[in-house]
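Below is one structure, written out as structure tokens; comments come after it.
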Amino acid sequence: MKAVEMKKGIYWVGGIDWDIRNFHGYLTQRGTTYNAYLIIDEKITLVDTTKYYLVDELLERVSSIVDPSKIDYVISNHVEMDHSGGLPRVMEIAKNATLVTAPNGAKGLAKHYDTSSWNIKTVSTGDKLELGKRSIEFILTPMVHWPDNMVGYMPEEKILFSNDSFGQHIASSERFDDEFPSEIIIEEAKKYYANIVMSYGMQVGRELKEASGLDIEMIAPSHGLIFRKHVKEIIDSYVKWSSNIVGKKALIVYDTMWGSTKKMAYALQDAFEEKGYMTSMKNLQNNHISDIITEVLDVEYICVGSPTLNNNMLPTVASFLTYLKGLTPKNRKAIAFGSYGWGGQSVAQIEQYLSDSKFDIKLSKRLLYIPSEENLEELKEELKKLL
Amino acid sequence: MKKYVCVVCGYVYDPEVGDADAGVAEGTAFENLPEDWVCPVCGVDKDQFEEA
């Protein structure tokens with residue numbers, strides 16, 4: 001397996017995870033890559049590694065350019081094991097290498113691996129690592145999306161090594177955004193942002209502010225394709241996503257036992273459509289929560305429906321709400337709904353979750369057994385008055 | 001004195017405890033923390049805290 005040259009003397013040397021479909025609960029239909037980068041200069045530098053099971057692939061790609069034992073610097077931008085899993089092997093082989101990381105990176109790595117024999121240098125925002133003809137400037141980006149995250153900018157080549165920011169879960173033998181359908185890249189970047197980064201919109205805003213002063217020709221993220229054509233487009237997308245800007249759209253997420261909650265869902269959809277909203281229906285039986293979350297990113301309304309089963313909402317709905325709460329989307333309006341037979345607790349439970357998640361709840365509606373045409377018409381009218 | 005919570009990671013600053021690692025003595029009110037003080041858990045700035 002060979003390295004892929006990105007710019008003269010700078011190579012992609014990562015690993016391709018063709019098989020992975022579940023990334024801690026995130027459905028990765030297209031697999032993923034763990035990108036690592038090799039810089040050949042007076043100091044030979046490796047930026048990040050791969051998951052542990054792809055480190056041989058990384059070492060093989062490095063070996064196609066240089067003997068891995070000659071690596072002088074290993075930069076660890078993020079402790080999470082999809083990027084650091086290969087570090088123990090790399091540090092064992094590159095005996096003279098200095099590991100460069102953020103202060104929180106050093107602490108985190110020591111909790112993952114035996115780092116006692118590693119030569120570790122910590123850096124902060126503004127610090128510069130001289131590699132010879134080139135250099136890397138570091139910007140700490142705490143909580144985008146772990147405490148230890150940082151990115152590196154190489155001014156001489158105008159490359160941003162952005163780690164998880166701007167990443168996408170795509171396995172492909174293409175390496176650059178002009179070799180792959182750009183719509184898919186942006187769609188996967190959006191899914192990645194929604195599922196991994198959404199909670200940290202304010203931190204992303206700060207990172208973008210720092211990055212706005214940089215002249216960037218290439219963004220080299222730690223997952224997926226490298227940007228060299230759509231650099232502006234991906235940065236603009238991050239600006240939009242991190243600003244919580246929503247469209248005139250409604251997302252209706254529900255599960256149903258006997259079709260009654262589904263009838264309510266479609267009545268709500270009717271009302272939204274009549275008021276000129278784009279709508280999206282997501283039955284939790286047929287849609288993965290990590291795909292639904294992507295749509296949360298730019299909707300004004302999120303409606304969540306569940307019938308009552310044994311005095312509770314359905315487990316699929318509880319699972320979705322737990323996931324949603326963790327990702328803390330802001331400035332969204334919400335509607336809770338559901339059909340019930342006797343206790344009818346599900347709607348209040350949904351409401352509780354949505355209000356804990358700081359949604360502005362505009363309507364809450366439960367209907368007994370099978371909603372009649374009149375019931376559904378009333379529901380529609382109630383919603384239409386709000387829109 | 002009031003406790004403050006980091007909205008990003010959930011860490012709670014308790015003035016009665018202070019933050020010894022950052023040289024902040026017990027009894028230091030949140031308002032009196034230095035401007036460059038950061039969350040000891042996740043590293044974000046002081047302005048990311050809310051009253052608990």
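Remember, it's a predicted structure, so these values are computed and weren't measured experimentally. First the proteins, then the strands, lettered A, B, ... as listed; each starts at 1. Because only heavy atoms are used, hydrogens play no part in the values below, and waters and symmetry mates are left out as well, while side chains stay in.
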(request) Please name all residues satisfying side chain to side chain donor-acceptor pair (under 3.5 Å) with A:Tyr353, sequence neighbours left out, ordered by chain then number. (result) A:Thr322
(message) Going by the rule side chain to side chain donor-acceptor pair (under 3.5 Å), which residues pair with A:Asp127 if we only count those two or more places apart in sequence or in a different chain?
(response) none
(request) Tell me, for B:Val41 versus chain A, whether the close heavy atoms (under 4.5 Å) come from the side chain, the backbone, both or neither. (result) backbone
(message) Please enumerate all residues that pass ring-ring contact (aromatic ring centres under 6.0 Å, His included) together with A:Phe166, with sequence neighbours excluded.
(response) A:Tyr238
(request) Count the heavy atoms of every other residue, nucleotide or ligand shown that sit under 6.0 Å from OH of A:Tyr52, and state whether that count exceeds 12. (result) no
(request) Determine the minimum heavy-atom distance between B:Cys42 and A:Pro142, stating which atoms define it. (result) O-CB, 3.2 Å
Check: every donor-acceptor pair under 3.5 Å linking chain A and chain B:
unit_1, atom_1, unit_2, atom_2, d
A:Gln203, NE2, B:Gln48, OE1, 2.3
A:Arg206, NH1, B:Asp45, OD2, 3.0
A:Arg206, NH2, B:Asp47, OD1, 3.1
A:Arg206, NH2, B:Asp47, OD2, 2.7

